[in-house]
A.B. asks: 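Sharing a structure, written as structure tokens. Questions coming.
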Amino acid sequence: MKLHALLTLALLAVTFSAAGAAPGGHDKGKSWTPPGLENWQNKWPDLDGKPHRGKRQVHLGPRPLWLVSDMDEGPLKETLQSCQGKKFKPTDFSIGHRGAPLQFPEHTLESYVAAAQMGAGILECDVAFTKDRELVCRHAQNDLHTTTNIVAIPALNAKCTQPFVPADPDTGTEAQAECRTSDLTLEEFKSLEGKMDAFNPMATTPEDYLRGIADWRTELYSSRGTLLTHRESIELFKALGVKFTPELKTPVVEMPFEGDYSQQDYARQMIQDYIDAGVNPRDVWPQSFLLDDVLFWVNETPRFGAQAVFLDQAPLTPENASLAWMENLSARGVKVLAPALWKMLTLNSHQEIVASEYARNASAAGLDLIAWTVERSGPLAAGGGWYHQTITDAINNDGDVYTVIDVLAREVGVIGIFSDWPATTTFYANCMGLADRGR
């Protein structure tokens with residue numbers, strides 16, 4: 001076994017003994033180093049274990065200007081080109097969606113560090129729970145079979161809700177697997193490695209099933225993917241100098257889980273982790289697609305509920321786009337609404353991207369808006385897919401991502417944008433004078 005792997009296992013053992021297995025078991029009186037960052041001064045010289053909010057170096061790489069060069073000619077392109085060589089700084093306008101999953105395994109230490117290096121001021125841990133009711137960072141409770149190596153570990157694959165079943169090429173029957181965080185204990189979960197989210201539906205072996213990555217993504221940074229608990233993500237984000245937007249994932253198991261762990265227990269436990277870690281509620285934007293979760297935080301933990309985010313991907317209807325609907329949300333205590341970006345955009349008679357009625361009504365009701373997600377659709381030449389469904393006719397090149405960001409920022413007035421590659425949004429915010437928004 002390689003020395004790096006041995007050191008990692010040793011560090012994980014120390015982490016388990018210090019944190020304990022019960023919720024809230026993290027020892028607040030001791031300094032804790034997130035796994036993989038034990039030598040972070042050597043790996044990331046701009047970090048020294050102390051929060052560096054607004055001070056850390058930002059490394060955007062070539063992609064932002066590559067996108068700018070692909071834009072249609074016009075004033076926006078000229079303005080963005082003029083920012084070449086500018087010194088960039090972190091910004092809360094740039095939110096790391098699962099870290100930086102365009103090229104890094106999502107919800108891993110490596111993905112989060114990359115996002116912070118790209119200037120994301122806020123990072124997201126999607127929160128799911130394990131069999132022993134520990135909170136961990138995963139996009140869905142039932143995605144371990146596509147985001148980790150679990151199906152290639154026989155002892156853990158056997159514990160899955162649906163262990164791996166190979167495809168049958170003769171009949172065209174696809175492979176099957178479903179592995180949930182709630183199938184495993186915390187210790188078992190932490191033994192997994194994160195990978196790029198993908199699978200090969202016609203795989204006949206577990207190893208083949210783990211492939212299938214879209215050709216516009218990469219495995220270049222998939223050689224290691226360190227999974228984190230929710231509490232570990234809090235400590236890591238504090239050290240990186242970023243703020244927090246945890247999302248309480250909608251369970252796929254029946255709640256109460258095992259008869260006595262309710263949805264409210266789950267929602268309360270997530271907030272308690274921030275209280276135990278001494279995090280200022282003003283630095284936390286808890287999210288959920290379930291309005292009841294948001295209202296629970298608003299009413300039971302009002303300091304955290306003040307920035308609770310209601311995520312919205314429901315199909316547009318006259319009712320849920322109306323001013324009355326938005327005013328009702330506001331009256332019930334919801335202050336932040338985060339729709340899929342397509343809900344806030346439409347095309348005018350000149351086929352130009354503009355703010356939608358939904359967005360205008362939300363603003364009129366006094367709701368803050370956050371958009372998700374740019375840099376998630378792959379190449380945009382074919383219209384941008386699901387995320388751009390209301391503006392497909394105006395999307396035909398990768399540079400159009402900046403047109404979308406510009407309309408969201410200037411016309412819709414969003415307070416932040418989730419991105420799978422935060423450098424893109426960090427570049428725009430710095431260039432347009434939005435970098436200090438929210439700080």
Side-chain angles (χ1 to χ4, degrees), residues 31-68 79-125 218 220-221 223-226 228 232-245 279-280 283 374-375 401-402 405 409 416-439:
S31 175
W32 179 87
T33 301
L37 285 186
E38 63 274 21
N39 295 314
W40 59 10
Q41 281 182 286
N42 295 328
K43 295 181 180 180
W44 297 289
D46 53 329
L47 297 177
D48 58 9
K50 301 176 182 178
H52 278 241
R53 183 164 296 144
K55 299 178 182 179
R56 55 193 153 91
Q57 297 178 24
V58 172
H59 313 281
L60 298 186
R63 184 164 178 79
L65 286 175
W66 181 85
L67 291 169
V68 171
T79 298
L80 294 175
Q81 286 176 325
S82 72
C83 292
Q84 184 172 0
K86 181 182 177 73
K87 186 174 182 179
F88 301 98
K89 58 185 178 180
T91 170
D92 291 353
F93 190 78
S94 179
I95 306 172
H97 179 241
R98 317 183 200 179
L102 181 65
Q103 296 191 29
F104 288 82
E106 64 184 45
H107 291 307
T108 61
L109 180 149
E110 293 77 13
S111 186
Y112 289 140
V113 170
Q117 288 178 322
M118 287 185 248
I122 303 172
L123 295 182
E124 177 188 48
C125 168
T218 181
L220 188 62
Y221 303 109
S223 58
R224 61 183 186 272
T226 308
L228 298 176
E232 288 172 345
S233 78
I234 293 173
E235 297 301 327
L236 174 63
F237 294 1
K238 286 165 64 176
L240 291 171
V242 301
K243 299 178 184 178
F244 315 81
T245 186
V279 175
N280 190 323
D283 291 341
V374 299
E375 294 282 67
V401 66
Y402 276 122
I405 291 173
I417 298 177
F418 281 92
S419 176
D420 274 16
W421 199 246
T424 299
T425 306
T426 300
F427 177 86
Y428 176 90
N430 276 267
C431 189
M432 296 299 190
L434 302 177
D436 291 323
R437 181 179 290 186
R439 290 191 174 272

A.B. asks: Using atom types as modelled and distance alone, determine if a side-chain donor or acceptor of Arg56 lies under 3.5 Å from a backbone N or O of Leu240.
C.D. replies: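 Indeed, once roles are kept as given, a pair shorter than 3.5 Å links the two residues.
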
A.B. asks: Quick check for you: to the nearest 0.5 Å, what is the distance between Thr424 atom OG1 and Ile417 atom CD1?
C.D. replies: 10.5 Å

A.B. asks: Can you tell me how far apart CD (Gln81) and CG (Leu65) are? Round to the nearest 0.5 Å.
C.D. replies: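 The distance works out to 8.5 Å.
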
A.B. asks: Should Thr425 and Phe418 be marked as a side chain to side chain contact (heavy atoms under 4.5 Å, CB included) after you check the CA-CA gap, both sets of side-chain angles, and the distance that decides it?
C.D. replies: CA-CA 8 Å; Thr425 306; Phe418 281 92; over 6 Å; no

A.B. asks: The test is side chain to side chain contact (heavy atoms under 4.5 Å, CB included); show your working for Lys89 and Thr426 and say whether it passes.
C.D. replies: CA-CA 8 Å; Lys89 58 185 178 180; Thr426 300; over 6 Å; no

A.B. asks: Please name the pair of heavy atoms, one in Tyr112 and one in Leu123, separated by the smallest distance, quoted to 0.1 Å.
C.D. replies: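 What the structure gives for the nearest pair is O-CD1, 3.7 Å.
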
A.B. asks: What heavy-atom pair brings Ala120 and Gly96 nearest, and what distance separates the two atoms?
C.D. replies: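 Minimum heavy-atom contact is CB-N, 3.8 Å.
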
A.B. asks: Taking it one step at a time, do Leu109 and Arg224 satisfy side chain to side chain contact (heavy atoms under 4.5 Å, CB included)?
C.D. replies: CA-CA 10 Å; Leu109 180 149; Arg224 61 183 186 272; over 6 Å; no

A.B. asks: Does Pro105 offer a backbone N or O that forms a donor-acceptor pair with the side chain of Glu110 under 3.5 Å?
C.D. replies: no

A.B. asks: I need the Glu124 CD to His97 NE2 distance, nearest 0.5 Å.
C.D. replies: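 Between Glu124 CD and His97 NE2, I get 5.0 Å after rounding to 0.5 Å.
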
A.B. asks: If you draw a 6.0 Å radius around CD in Gln84, do more than 12 non-hydrogen atoms from other residues or ligands fall strictly inside?
C.D. replies: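 Open: at most 12 neighbouring heavy atoms sit under 6.0 Å from CD of Gln84.
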
A.B. asks: Locate the shortest heavy-atom distance separating Glu106 from Ser111; write the atom from each residue and the value.
C.D. replies: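 Closest approach of Glu106 to Ser111, heavy atoms only: CA-OG, 4.2 Å.
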
A.B. asks: Between CD1 of Ile95 and NZ of Lys243, what distance do you get to the nearest 0.5 Å?
C.D. replies: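 Spacing of CD1 (Ile95) from NZ (Lys243) equals 11.0 Å.
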
A.B. asks: If we check side-chain contact (heavy atoms from CB on, under 4.5 Å) with Phe427, which of these qualifies: Leu60, Thr91, Leu67?
C.D. replies: Leu60

A.B. asks: Taking all atoms of both residues into account, what is the closest heavy-atom pair of Ser233 and Leu228, and its distance?
C.D. replies: CA-CD1, 4.3 Å

A.B. asks: Determine the minimum heavy-atom distance between Tyr221 and Gln103, stating which atoms define it.
C.D. replies: CE1-OE1, 3.3 Å

A.B. asks: What distance separates Tyr402 OH from Cys431 SG, expressed to the nearest 0.5 Å?
C.D. replies: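 Between atom OH of Tyr402 and atom SG of Cys431 there are 8.5 Å.
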
A.B. asks: Just by distance, do the side chain of Ser419 and the backbone of Glu375 share a donor-acceptor pair under 3.5 Å?
C.D. replies: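 Looks like no, no N/O pair under 3.5 Å.
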
A.B. asks: Identify the heavy atoms of Lys87 and Asn430 that sit nearest to each other, and give their distance.
C.D. replies: O-OD1, 4.2 Å

